[in-house]
**Q** 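So that we are looking at the same thing, I have put the structure below in structure tokens.
Whatever order the structure lists them in is the order used to number ligands and atoms, beginning at 1. All residue numbers in this chain count up from 1 along the given sequence.
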Amino acid sequence: MATFQSLPGFRDFYPEDFSRRQHIFRAWRHTAHAFGFQEYDAPVLEPLELYTTKSGEEIEGQLFSFKDKGGREVSLRPEMTPTVCRLVGARAGALKRPIKWFSVAEFFRYERAQKGRLRAFSQFNGDIFGEPGPEAEIELIAMLIQCLAGFGLTKDDFYVRLSDRDLWFFYLEALGFNDEQSRAILSAVDRYEKMGDDAFMSYAEAHGELDFVAMTKIKAMFGVRDFNRLESLIAADFVALVVTETARSKLNARLADWRKILGGLEAMGLKEFVQVDLSVVRGLAYYTGFVFEAFDRKGDLRALAGGGRYNNLVKKLGGPDLPAVGFAIGDVTTGLLLEQRGLMPSFVNAPDLYAVIGGEAERSAAFADIQALRAAGFRVEYPFKELAFGKQFKAAAESGAKLALIYGSEELANGVVKIRDMSDRTEREIPRDHVLAAVRDALAGG
Ligand code: HAM
């Protein structure tokens, strides 16, 4: 008999997979709340038009799009950014600024399935609207770092590469390139890691070969990995080239924003998570300024997260002129990294307590306590059938419960139960009418 399987690039979430994903979602939500972000969601199916030309060619080619029964062109959402712009744009006047919103949601892209890339995946999106200055970047990069550090990942596990499309445009303008040429150069920079010098071929076809001096300067820019070097490269060009006063002041203002972001993150103790890297330009069409991506340090995995500033998108989608910055982290690469580092807990769905019950006679007493504990919000498990004590203790250990409550006939005759700490197997007796308080104490301590 034929059995049905899920579509390529789509995942089934058996309970253990579900609880691993839930562990990731829970940590992300915890971090977002700590940073004062509010959660929202929106439909998974959107008008196709929301994505065409706004997200960029790469995503457009990957849309799960179709005509619905009413003849509307629709698409499953490939990302949250256009949607959140629509939501914020529609109520921008009434929302208190800065608007700090987050979501945890599922997205669909018809990509070639490979390690870390699927066709259905989840993202945490965090975005700030209404703040034009680099303070928004500081807040978001700090939240991105905490969204990963919250799992126990450190600066030795991942880092954030920070780049700046404005700085690139101002720099290329100072070198004498027009807007169209600059765009072509940036898309070559984007491809350089994969293709080497061939990345500049399409630029050469459209605009002629880059001269040696310009090529050397562009390569020096995207080779830079620290801020002092970036500043001195630009300062050297101020001396060597005829740079107009406007180009010079635009570049200086950009460098001041860079100093603010790096200084803010340093003050938060996060400096070592961040690396200057102008080779990051981001594929999505709507980015306008600072852009950033997070990667694992070993370089085994595809990007963990990506984001940046997109000051024109809310307006392009019919809303007011509203500056915006944001990022998204994916659950697939995050999950792989946690597994690799041994940071995915195996008992993500463990109960708080396991009740070990002597026999049928002890069941009524145990049931009364189990129900009271569950009503108080504790997760309690017990065996449905009568089992030998040994088997019950084994089941308690396998469940990952922190505590076992033992209902033996002798204990009950004395008006007590035993409470066992499963981590060190120490036991003590507690009076029956103190069970709830004792459990509360024991779990608060651990
Ligand atoms: P993105 O770089 O396309 O940015 O995606 C962000 C993250 O989502 C990636 O780094 C990756 O972890 C995950 N991701 C993307 N595609 C897939 C896939 N096919 N399979 C598994 N994981 C995937 C955006 O989506 C922007 N909208 C982020 C943003 C929010 N910018 C501003 N606000």
Side-chain angles (χ1 to χ4, degrees), residues 7-11 21 24 28 32 37 40 42 46 50-51 54-64 76-88 99-129 131 136-137 139-141 143-144 147-148 153 158-161 163 165 190 280-296 299-314 316-317 322-338:
L7 292 165
F10 284 71
R11 291 168 289 175
R21 188 178 67 171
I24 294 175
W28 284 344
F37 281 63
Y40 67 93
E46 290 275 26
L50 193 61
Y51 307 111
K54 274 86 175 187
S55 294
E57 278 170 31
E58 192 178 316
I59 282 200
E60 245 183 88
Q62 299 170 341
L63 292 176
F64 272 91
L76 288 174
R77 58 186 176 193
E79 58 160 336
M80 194 57 113
T81 314
T83 299
V84 71
C85 285
R86 172 166 62 76
L87 264 65
V88 169
I99 301 156
K100 305 203 301 184
W101 282 15
F102 82 96
S103 58
V104 178
E106 193 169 23
F107 300 93
F108 306 87
R109 297 185 194 175
Y110 201 88
E111 289 206 51
R112 198 165 54 83
Q114 49 184 307
K115 192 177 164 200
R117 282 290 176 274
L118 298 172
R119 290 180 178 167
F121 57 95
S122 297
Q123 284 183 344
F124 169 93
N125 274 260
D127 294 90
I128 298 183
F129 295 85
E131 175 50 64
E137 274 85 349
E139 180 87 333
L140 284 162
I141 296 170
M143 183 164 78
L144 164 56
C147 272
L148 292 164
L153 293 165
F158 76 94
Y159 68 118
V160 178
R161 295 155 89 179
S163 181
R165 290 178 63 93
D190 192 26
V280 172
V281 296
R282 303 275 296 145
L284 292 156
Y286 45 67
Y287 291 115
T288 53
F290 285 102
V291 285
F292 45 93
E293 284 184 342
F295 285 88
D296 69 300
D300 288 348
L301 302 169
R302 305 284 308 259
L304 295 161
R309 188 166 274 280
Y310 51 101
N311 283 347
N312 305 328
L313 192 57
V314 180
K316 264 195 192 152
L317 291 167
L322 197 61
V325 206
F327 71 86
I329 317 184
D331 72 321
V332 183
T333 34
T334 301
L336 288 171
L337 184 60
L338 295 182

**Q** Please verify the inter-ring angle class for Phe10 with Phe64; under 30° counts as parallel, over 60° as perpendicular, anything in between as tilted.
**A**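 If you compare the ring of Phe10 with that of Phe64, the planes turn out perpendicular.
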
**Q** Measure from NZ or CZ of Arg109 to the centre of the six-membered ring of Phe121, then state whether that distance is under 6.0 Å and the direction lies within 45° of the axis.
**A**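 Verdict for Phe121: no cation-pi partner in Arg109.
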
**Q** Check for a donor-acceptor pair, side chain of Arg77 on one end and backbone N or O of Ala42 on the other, with a separation under 3.5 Å.
**A**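 Looks like yes, one N/O pair under 3.5 Å.
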
**Q** Parallel, tilted or perpendicular: which fits the ring planes of Phe295 and Tyr159, with parallel below 30° and perpendicular above 60°?
**A**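 Judged by the thresholds at 30° and 60°, the geometry between Phe295 and Tyr159 is tilted.
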
**Q** Could you go step by step and tell me if Tyr287 and Arg165 meet the side-chain hydrogen bond (donor to acceptor under 3.5 Å, both in side chains) rule?
**A** CA-CA 8 Å; Tyr287 291 115; Arg165 290 178 63 93; over 6 Å; no

**Q** Students often mix this up, so state it plainly: with edges at 30° and 60°, are the rings of Tyr310 and Phe129 parallel, tilted or perpendicular?
**A**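 The arrangement is perpendicular - the two ring planes meet at more than 60°.
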
**Q** For each nitrogen or oxygen atom of ligand 1, which protein N/O atoms lie closer than 3.5 Å, and how far apart are they, rounded to 0.1 Å?
**A**
{"from": "ligand 1", "atom 1": "2 (O)", "to": "Arg282", "atom 2": "NH1", "distance (Å)": "2.9"}
{"from": "ligand 1", "atom 1": "2 (O)", "to": "Arg282", "atom 2": "NH2", "distance (Å)": "3.0"}
{"from": "ligand 1", "atom 1": "3 (O)", "to": "Arg109", "atom 2": "NH1", "distance (Å)": "3.0"}
{"from": "ligand 1", "atom 1": "3 (O)", "to": "Arg109", "atom 2": "NH2", "distance (Å)": "3.1"}
{"from": "ligand 1", "atom 1": "4 (O)", "to": "Arg282", "atom 2": "NH2", "distance (Å)": "3.0"}
{"from": "ligand 1", "atom 1": "5 (O)", "to": "Gln123", "atom 2": "NE2", "distance (Å)": "3.2"}
{"from": "ligand 1", "atom 1": "8 (O)", "to": "Gln123", "atom 2": "NE2", "distance (Å)": "2.9"}
{"from": "ligand 1", "atom 1": "10 (O)", "to": "Ala303", "atom 2": "O", "distance (Å)": "3.4"}
{"from": "ligand 1", "atom 1": "10 (O)", "to": "Ala305", "atom 2": "N", "distance (Å)": "3.3"}
{"from": "ligand 1", "atom 1": "12 (O)", "to": "Ala303", "atom 2": "O", "distance (Å)": "3.1"}
{"from": "ligand 1", "atom 1": "12 (O)", "to": "Leu304", "atom 2": "O", "distance (Å)": "3.0"}
{"from": "ligand 1", "atom 1": "12 (O)", "to": "Gly330", "atom 2": "N", "distance (Å)": "3.4"}
{"from": "ligand 1", "atom 1": "12 (O)", "to": "Thr333", "atom 2": "OG1", "distance (Å)": "3.3"}
{"from": "ligand 1", "atom 1": "16 (N)", "to": "Arg109", "atom 2": "NH1", "distance (Å)": "3.3"}
{"from": "ligand 1", "atom 1": "19 (N)", "to": "Glu111", "atom 2": "OE2", "distance (Å)": "2.6"}
{"from": "ligand 1", "atom 1": "19 (N)", "to": "Leu118", "atom 2": "O", "distance (Å)": "2.7"}
{"from": "ligand 1", "atom 1": "20 (N)", "to": "Leu118", "atom 2": "N", "distance (Å)": "2.9"}
{"from": "ligand 1", "atom 1": "20 (N)", "to": "Leu118", "atom 2": "O", "distance (Å)": "3.4"}
{"from": "ligand 1", "atom 1": "25 (O)", "to": "Arg109", "atom 2": "NH2", "distance (Å)": "3.0"}
{"from": "ligand 1", "atom 1": "25 (O)", "to": "Gln123", "atom 2": "NE2", "distance (Å)": "3.2"}
{"from": "ligand 1", "atom 1": "27 (N)", "to": "Glu79", "atom 2": "OE1", "distance (Å)": "2.5"}
{"from": "ligand 1", "atom 1": "27 (N)", "to": "Thr81", "atom 2": "OG1", "distance (Å)": "2.7"}
{"from": "ligand 1", "atom 1": "27 (N)", "to": "Tyr286", "atom 2": "OH", "distance (Å)": "3.1"}
{"from": "ligand 1", "atom 1": "31 (N)", "to": "Tyr287", "atom 2": "OH", "distance (Å)": "2.7"}
{"from": "ligand 1", "atom 1": "33 (N)", "to": "Asp127", "atom 2": "OD2", "distance (Å)": "2.8"}
{"from": "ligand 1", "atom 1": "33 (N)", "to": "Phe327", "atom 2": "N", "distance (Å)": "3.4"}

